[in-house]
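Working notes, beginning with the structure itself.
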Number of protein chains: 2
Amino acid sequence: MDLHKKPGHLIRRLNQNSTAVFSNHMQQVGLDLTPVQFAAMDVIARIPGIDQAKVAAEIGYDRATIGGVVDRLEQKGYIERTVCKHDRRAREVRLTEKGSEVFDQVAPVVQALQADILPGLSLAERDKFIELASKALAHIDG
Amino acid sequence: MDLHKKPGHLIRRLNQNSTAVFSNHMQQVGLDLTPVQFAAMDVIARIPGIDQAKVAAEIGYDRATIGGVVDRLEQKGYIERTVCKHDRRAREVRLTEKGSEVFDQVAPVVQALQADILPGLSLAERDKFIELASKALAHIDG
DNA sequence: TTCAAATAATATCTATACTTACTTTTATGG
DNA sequence: CCATAAAAGTAAGTATAGATATTATTTGAA
């Protein structure tokens, strides 16, 4: 019954390290973006004009959390919100010009830091981890 | 550059599911314990009289976070804090009788819910995941 | 031995994350 | 057409999670 060999504990520790690695790399580039903020920007970059609820669904969050994330991205001037014409309940979200520049600058950094999130693993082991994690998540989402 | 195939994103999603599964099982038993609160109680049960800083080090947290966790466990009456005789800066932490009962009740539940944290994986796959995660964490810790 | 460095805990601040409740707006069934 | 359910967003509350600063205490080095 050692906690250090249980999936829940291991995942929690890996997640801590993941956010720490992300934060360190952002600091080195002189930017202030969190993992969730980047994930949101990634979705918005791919689907300009998407509404907040769909952003939340896309990256697996509830609406309330994404509301706060979008608030902070707006305060930084990275995105802008407009009321949707067809559905006045919804807010369409788009990257600003500044937001696009930041995203283009950050994307390769995020790409590069992935290796540090699972350190000490070979490429094959990392692929295996991704395969197993994806398989588990498929059962969770579906 | 799909976020859904990157370790950082996958780990974050798995961690979300992990805490959700934990929360659901706790509700079914009629108890209000978070994963971190359980992890803290597990350490305190194994090492009665341990101080907060060592609890934090044991489960991989900073002292500030554990301070809040210990606050809430104390409010629930599950633990008690006493000033250490040999070092008056430190607070020794112990499970109360009520805390011990709750821990004994919860431990098998936590044991059982681990399977739901990585659903859809065979036993061998789950073991492989644990092996890879442990290997990565070994490189992180030291 | 005495004073600076280090340590334990706390306080404060920011940012997730989720729940529940509430408002506004849209969709739908009779 | 209208009552009602459903959906989008927000607000409030709780619990992590870490950074930084402060206080109290202990340790260590000159």
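Computed from a predicted model, the values in this text were never measured in an experiment. Below, chain A is the first sequence line, B the second, and so on; all start at residue 1.
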Subject >> Short side-chain N/O contact from A/Gln27 to OP1 or OP2 of D/dA19, under 4.0 Å >> reply: no
Original post:
Which comes earlier along DNA chain D counting from the 5' end, the contact point of A/Arg12 or that of B/Asp87, where each point is its nearest nucleotide?
Top reply: A/Arg12
Original post:
Does A/Thr65 have a side-chain nitrogen or oxygen under 4.0 Å from the phosphate oxygens OP1 or OP2 of C/dT16?
Top reply: no
Original post:
When you check the phosphate oxygens OP1 and OP2 of C/dC18, does a side-chain N or O of B/Gln16 lie under 4.0 Å from one of them?
Top reply: yes
Original post:
Roughly how many Å is it from CG in B/Asn15 to P in D/dA15, rounded to a whole number?
Top reply: 18 Å
**OP:** Determine the sole option in A/Ile79, A/Asp42, A/Val110 for which the side chain to side chain contact (heavy atoms under 4.5 Å, CB included) test with A/Phe103 is passed.
**Re:** A/Asp42
Original post:
Is any side-chain nitrogen or oxygen of A/Arg89 closer than 4.0 Å to OP1 or OP2 of C/dC22?
Top reply: no
Subject >> Polar side chain donor-acceptor pair, B/Gln52 to B/Arg81, under 3.5 angstrom >> reply: yes
Original post:
Atom CZ of B/Arg91 and atom C1' of C/dA11: how far apart are they, to the nearest Å?
Top reply: 14 Å
**OP:** Measure from CD on A/Glu92 to P on D/dG9 and round the result to the nearest Å.
**Re:** 10 Å
Original post:
CZ of B/Arg88 versus C1' of D/dA24: gap in Å, rounded?
Top reply: 9 Å
**OP:** Specify the residue among A/Gly67 and B/Thr19 whose closest nucleotide of DNA chain D lies further upstream toward the 5′ end.
**Re:** A/Gly67
Original post:
Atom NZ of B/Lys85 to atom C1' of D/dT26: distance rounded to whole Å?
Top reply: 19 Å
Original post:
Would you say D/dT16 has OP1 or OP2 under 4.0 Å from some side-chain N or O of B/Arg72?
Top reply: yes
**OP:** Quickly work out the A/Leu73 CG to C/dA15 P distance and round it to whole Å.
**Re:** 11 Å
**OP:** Identify which nucleotide among D/dT26, C/dA8, D/dG9 has an atom closest to any side-chain atom of B/Ala53, counting heavy atoms from C-beta outward.
**Re:** C/dA8
Original post:
Atom CD of B/Glu92 and atom CD1 of B/Ile47: how far apart are they, to the nearest 0.5 Å?
Top reply: 12.5 Å
**OP:** Provide, to the nearest angstrom, the distance between the CD1 atom belonging to A/Ile66 and the P atom belonging to C/dA17.
**Re:** 9 Å
Subject >> Which residue lies more 5' along DNA chain C, comparing A/Gln75 with B/Val93 via nearest heavy atoms >> reply: B/Val93
Original post:
B/Asp62 near the nucleic acid: base, sugar-phosphate alone, or nothing, with a heavy-atom cut-off under 4.0 Å?
Top reply: base
Original post:
Hey, which of these two, A/Ala64 or B/Arg63, hits DNA chain C nearer its 5' end, going by closest nucleotide?
Top reply: B/Arg63
**OP:** Round to a whole Å and report the spacing from CG of B/Asp51 to P of C/dT10.
**Re:** 11 Å
Subject >> Rounded distance (nearest 0.5 Å) linking atom OH of B/Tyr78 with atom CD of B/Gln37 >> reply: 8.5 Å
Subject >> Minimum-distance nucleotide to B/Val69 side chain [options: C/dA9, C/dT16, D/dT16] >> reply: D/dT16
Original post:
If you measure from the Lys or Arg side-chain nitrogens to the Asp or Glu carboxylate oxygens, is any gap between B/Lys98 and B/Glu101 under 4.0 Å?
Top reply: no
